[in-house]
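Working notes, structure below.
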Amino acid sequence: MKPDRLIFHVDVNSAFLSWTATRMVAQGGPDIRLIPSCVGGDPAKRTSIVTAKSIPAKEYGVRTGEPVSMALRKCPQLLIVPSDFRLYEKYSHAFMDICRQYAPVVEKFSIDECFLDMTGTRELYPDPVATAYEIKDRIRDTLGFTVNIGIGPNKLLAKMAGDFEKPDKVHTLFLEELPAKFWPLPVGELFGVGQSTVRALEKVSVRTIGDLAACSERLLQSVAGNKLGHQLHAYANGQDDSPVTAEPAEAKGYNVSTTLEENVTTMEQAHRILLELADSVTGRMRADKARTGCISVTIRSAEFKNRSHQRKLEEPTDITGEVFSVAKSLFRELWDQKTPLRLLGLSLTSLSHGEQEQFSLFRDERREREKKMDKTVDLLRGRFGADIIRRGSVLDSSAGVGRKYKAHLENEREGQ
C-alpha cells in the first residue's frame with residue numbers, strides 16, 4: 001500500500017523586493033519593505049517598468065508591470081532600486097538548500113518557489129504543520145526574508161494553500177478541507193485558469209471553483225476543449241497526480257528564470273528581462289570557464305502553458321551580447337505578441353570547458369571588444385558588487401546588440 005502523498009509548496013513573499021531589502025538591511029540600510037519602494041529600471045527610460053513593489057507602494061496604486069515614470073506620478077517619494085539577478089540566484093539557492101535538508105526530493109518551480117515531496121517522512125516529522133513552521137521560521141531567521149508554505153496531498157493543493165493569506169504564513173488544503181477553503185473561491189483563482197477561460201465559464205454560470213467541481217466533465221470540455229476541460233474538472237475536485245521531480249544536475253547546464261507578479265505584455269519589457277537573464281547566467285558560466293553551444297528560451301503564459309525553443313550554435317560562446325541576441329531571436333519565434341506572459345527563462349546547455357577556443361583566420365574585432373567588456377564587467381562586479389555596473393540595451397539595433405554601461409561610482413552602500 002502506497003503512503004498518502006504529502007507535498008509542501010514554499011514561496012518567497014515578494015521575492016525580488018524582499019531579497020534586495022535583506023541585503024540593504026544587512027548593510028545597515030533601510031528596510032524598503034516598510035516604505036513605498038519598488039524594483040525597477042531608470043525612470044528616464046520609456047521602457048523601464050516596475051517588476052516588484054512594496055505593500056506601502058501598492059497603497060499608492062503602484063502596479064507591477066507599469067512604467068516607472070507612471071509609478072512616480074502616483075507616488076513621488078517612491079524609492080526605486082535596480083534588479084540584481086545574481087543576488088536573486090544567491091538567495092534562491094540559499095532557501096532551497098534549507099528545504100533540501102528536510103525533503104528527499106525538491107523541485108524548483110521558479111527562482112522563488114519550490115515543491116517538497118514529504119511523502120514517507122512521518123517517522124521523522126510526525127506533525128507536518130509544525131515542520132512547515134520550522135522551515136518557514138528557519139528561512140526567516142537565517143536568511144532574513146519570509147516565505148509562505150502550503151501543505152496538501154498533491155502539488156496543486158499545496159500551491160493553492162500557499163497562496164492563501166500572506167506573508168509569513170503556513171496553510172493546509174487537504175481533500176476534507178475543499179468545501180470550506182477551496183470551493184467558495186472565484187474560479188479565476190484556480191491554478192491555470194486565465195481571464196479568457198473565466199469569461200467562457202461565466203457564460204455557463206460557473207463562477208466559483210465549487211461550481212466548476214459540480215459541473216460535468218462533458219460540459220467543461222464543450223466549453224474549454226477536451227484537454228483543458230478534463231484538467232479543469234480534475235483540478236476543481238483537488239485531483240493532481242503530477243510528481244515532484246528534482247531538477248537536473250547543475251553541471252549539465254546553466255538555467256535562470258523569473259516569474260513576474262504581473263504579466264509581460266510588450267516586446268520591450270521582454271527584452272529587458274531577457275537581457276538581465278543573459279547577463280546573470282553568462283556571468284556564472286564565465287566564472288566556471290564554460291561556454292554554451294545551445295541556447296533555449298522558455299515562456300509561460302498567464303494560463304500556465306509553457307513553450308520553449310532552442311538553437312544550437314555554430315561556435316560555443318560565453319559572450320553576454322551573443323547570448324542575448326540569440327535569446328531575442330528565439331523569443332520572437334515563440335511569442336505571438338498577444339498572449340500575456342508570467343515567466344521567462346533562459347537555459348545554456350551543450351557546454352564546453354576550459355580556455356580553448358576554435359581558432360579563426362579572420363579576427364572578429366566586435367567579438368574581441370565584447371569579450372573584453374564582459375571580462376571588465378565581471379572583474380568590477382567581483383570587486384565592488386553586482387550593482388557597480390548596470391547593462392542597458394539598444395533594443396533591436398540594426399548594428400547588432402548595442403550595450404551601454406552605467407557605472408555607479410558613488411560607492412553606495414547597497415552596491416558595496
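Predicted model only: the values in this text are computed from it and were never measured.
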For a quick check under 3.5 Å, do Tyr102 and Glu134 share a side-chain donor-acceptor pair by atom type? yes
Output yes when a side-chain donor or acceptor of His9 lies under 3.5 Å from a complementary backbone atom of Met160, and no otherwise. no
Report yes or no: do Asn13 and Ser18 form a side-chain donor-acceptor pair below 3.5 Å? no
Is a side-chain donor-acceptor pair under 3.5 Å present for Ser110 with Asp112? yes
Have Thr320 and Thr282 got a donor and an acceptor in their side chains that come within less than 3.5 Å? yes
Heavy atoms of other groups near Phe164 CZ, more than 12 under 6.0 Å: yes
Give the ring-plane orientation class for Trp19 versus Phe145, where under 30° counts as parallel, over 60° as perpendicular and anything between as tilted. perpendicular
Roughly how far, to the nearest 0.5 Å, is the CZ atom of Arg332 from the NE2 atom of His309? 12.5 Å
State plainly whether the residues Lys166 and Asp11 are in salt-bridge range, i.e. N to O under 4.0 Å. yes
Between Thr142 and Arg138, is there a donor-acceptor pair closer than 3.5 Å when you use the side chain of the first and the backbone of the second? yes
Evaluate whether atom CG of Asp141 has more than 12 neighbouring non-hydrogen atoms of other residues, nucleotides or ligands under 6.0 angstrom away. yes
At what distance, to the nearest 0.5 angstrom, does CD1 of Ile299 lie from CG of Asp336? 7.5 Å
Using the ring centroid of each side chain, check whether Tyr235 and Phe182 are separated by less than 6.0 Å. no
Got a donor-acceptor contact below 3.5 angstrom from the His171 side chain to the Glu165 backbone? yes
Crowding at CD1, Ile55 (>12 non-hydrogen neighbours, <6.0 Å): no
Hey, is Asp31 close enough to Arg33 for a salt bridge, meaning N to O under 4.0 Å? yes
Evaluate ring pair (Phe, Tyr, Trp, His ring centres under 6.0 Å) for Phe115 paired with Phe8, printing each intermediate quantity in order. CA-CA 6 Å; Phe115 290 101; Phe8 287 8; over 10 Å; no
Test: Arg284 and Glu89 ion pair at under 4.0 Å: yes
Residue Lys305 excluded, over 12 heavy atoms near NZ under 6.0 Å: no
Does Ser37 offer a backbone N or O that forms a donor-acceptor pair with the side chain of Ser54 under 3.5 Å? yes
Rounded to the nearest 0.5 angstrom, the CZ-CZ distance for Arg140 and Phe95 is 16.0 Å
Determine whether a donor-acceptor pair (N or O, by modelled atom type, separation under 3.5 Å) exists between the side chain of Asn237 and the backbone of Gln239. no
What distance separates Ile32 CD1 from Lys53 NZ, expressed to the nearest 0.5 Å? 13.5 Å
When rounded to the nearest 0.5 angstrom, what distance separates CD1 in Ile295 from OG in Ser350? 10.5 Å
Is the shortest heavy-atom distance from the side chain of Leu116 to the side chain of Ile135 under 4.5 Å? yes
Strictly by modelled atom types, are Arg342 and Asn263 linked by a side-chain donor-acceptor pair under 3.5 Å? no
Just checking, is any N or O donor in the side chain of Asn148 or Asp168 under 3.5 Å from an acceptor N or O on the other one? no
Should the pair Glu333-Arg311 be classified as a salt bridge under the 4.0 Å nitrogen-to-oxygen rule? yes
For Thr51 and Val39, indicate whether the former's side chain and the latter's backbone hold a donor-acceptor pair under 3.5 Å. yes
Set out, in order, the CA-CA distance, both residues' side-chain angles and the distance that settles side chain to side chain donor-acceptor pair (under 3.5 Å) for Gln221 and His230, then state yes or no. CA-CA 7 Å; Gln221 289 177 326; His230 173 75; 5.0 Å; no
Output yes when a side-chain donor or acceptor of Arg86 lies under 3.5 Å from a complementary backbone atom of Asp279, and no otherwise. yes
For the pair Phe109 and Phe191, name the ring-plane relationship: parallel under 30°, tilted 30 to 60°, perpendicular over 60°. tilted
Quick one: does Ser301's side chain have a donor or acceptor within less than 3.5 Å of a partner on Leu341's backbone? no
Treating Glu202 as the side-chain partner and Arg199 as the backbone partner, does any N or O pair qualify as donor plus acceptor under 3.5 Å? no
Any side-chain to backbone donor/acceptor pair from Glu66 onto Val62? Under 3.5 Å, distance only. no
With a 4.5 Å cut-off on side-chain heavy atoms, are Lys58 and Arg63 touching? no
May I ask you to say whether Glu113 pairs ionically with Lys108, meaning some side-chain N is under 4.0 Å from a carboxylate O? no
